[in-house]
Amino acid sequence: YNAYTTPTVTTVAFPVSTIGLGLIAPTKNNPSVIYATGGQKVYRSADNGATWTNVTANLPATNVMHIIHDIYSTDESIYVNMGYSVWYKNNTMANWINYSQNLPVLCRINELMIYNDGTSNSVLRAAYYGRGVWETMLYPYLLPCDLVSFYAERNQNNTQVTWLTANEHDVKSFDLQ
């Protein structure tokens, strides 16, 4: 961002009339691609909003509360807040996946934020009214290692766990649950 340049303002027609909340999420890697929401629907435009495609697919029938694009993704990674759940889709997927793992589902999500530094530290953060901020790893939910084999053997009161990894990425320790 350069504070000394004049921003370009583009007016586009929304894909549907929105009485309530209408949101947009431009994509960084392809400026022609825009995602927009209207009520319970999510739309994608590949031509700066001249035409729209409904990409709602399998999302629950509740209003979209927030939509956010991961600006470091190369596949148009989009997350939507459906009130009590988070859903994910990229441009290689026909359907959305419920991406609420590691997030509370008993209270309403107020806001989504992405912290992405291009490493395994990158997270999606969800802010809850009165419940704080929770986070989960960005899609794809990568393990810090590629497991070749994993074996556990119980012997009386002890359990012996053995595993073999093909490679490891930034592994400081293992936490088995």
Side-chain angles (χ1 to χ4, degrees), residues 1-105 108-128 133-144 146 169:
Y1 174 73
N2 183 344
Y4 299 105
T5 61
T6 304
T8 302
V9 178
T10 304
T11 302
V12 298
F14 247 49
V16 294
S17 65
T18 54
I19 295 171
L21 191 60
L23 306 164
I24 62 168
T27 60
K28 182 179 179 182
N29 291 332
N30 187 345
S32 297
V33 175
I34 306 166
Y35 285 84
T37 69
Q40 300 175 357
K41 305 288 185 190
V42 178
Y43 300 90
R44 179 186 182 272
S45 174
D47 54 12
N48 288 315
T51 60
W52 296 92
T53 303
N54 185 339
V55 294
T56 304
N58 62 317
L59 284 175
T62 60
N63 287 338
V64 179
M65 305 303 292
H66 192 245
I67 184 168
I68 190 167
H69 165 62
D70 178 2
I71 64 172
Y72 288 101
S73 71
T74 57
D75 59 4
E76 298 176 19
S77 290
I78 294 288
Y79 298 86
V80 293
N81 166 7
M82 301 301 288
Y84 293 90
S85 60
V86 175
W87 293 73
Y88 170 84
K89 183 180 183 316
N90 64 42
N91 63 3
T92 67
M93 306 164 108
N95 287 315
W96 295 80
I97 59 171
N98 187 333
Y99 207 71
S100 301
Q101 74 270 7
N102 298 330
L103 299 174
V105 294
R108 183 174 291 278
I109 301 166
N110 287 350
E111 186 73 37
L112 292 178
M113 301 151 277
I114 291 178
Y115 169 77
N116 190 342
D117 64 356
T119 71
S120 60
N121 296 324
S122 302
V123 293
L124 173 71
R125 292 185 174 134
Y128 293 82
V133 177
W134 295 69
E135 64 185 37
T136 188
M137 294 176 72
L138 293 176
Y139 184 89
Y141 196 86
L142 297 176
L143 292 174
D146 295 323
H169 320 283

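Predicted model, so just to flag it, every value in this text is computed and none were measured.
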Taking only residues two or more places apart in sequence, or in another chain, which ones meet [X] in a side chain to side chain contact (heavy atoms under 4.5 Å, CB included)?
X: Ser32; value: Asn30, Asn48
X: Ala57; value: Asn95, Trp96
X: Tyr84; value: Arg108
X: Ile71; value: Lys28, His69

Quick one: list whatever passes salt bridge (Lys or Arg N to Asp or Glu O under 4.0 Å) with Glu135, sequence neighbours left out.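 Testing Glu135 for salt bridge (Lys or Arg N to Asp or Glu O under 4.0 Å), a comparison that skips the adjacent residues, returns Arg125.
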Is the backbone of [Y] close enough, under 3.5 Å, to the side chain of [X] for a donor and an acceptor to pair up by distance?
X: Thr37; Y: Val64; value: no
X: Ser45; Y: Thr51; value: yes
X: Asn63; Y: Met65; value: no
X: Asn81; Y: Ile109; value: yes

Write out all pairs satisfying salt bridge (charged side-chain N to carboxylate O under 4.0 Å, His left out) with one or both partners inside residues 76-98, taking only residues at least two apart or from two chains.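 Every salt bridge (charged side-chain N to carboxylate O under 4.0 Å, His left out) pair that includes a residue of residues 76-98, provided the two are not neighbours, is Arg44-Glu76.
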Are side-chain heavy atoms of Asp70 and Tyr139 found at a separation under 4.5 Å?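 No, their side chains stay 4.5 Å or more apart.
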Enter the distance from Ser77:OG to Ile114:CD1 here, rounded to the nearest 0.5 Å. 8.0 Å
Let's go through Asp117 and Ser122 carefully: what are the C-alpha distance in whole Å and the side-chain angles of both, what is the deciding distance for side-chain hydrogen bond (donor to acceptor under 3.5 Å, both in side chains) to 0.1 Å, and is it a yes or a no? CA-CA 6 Å; Asp117 64 356; Ser122 302; 3.3 Å; yes
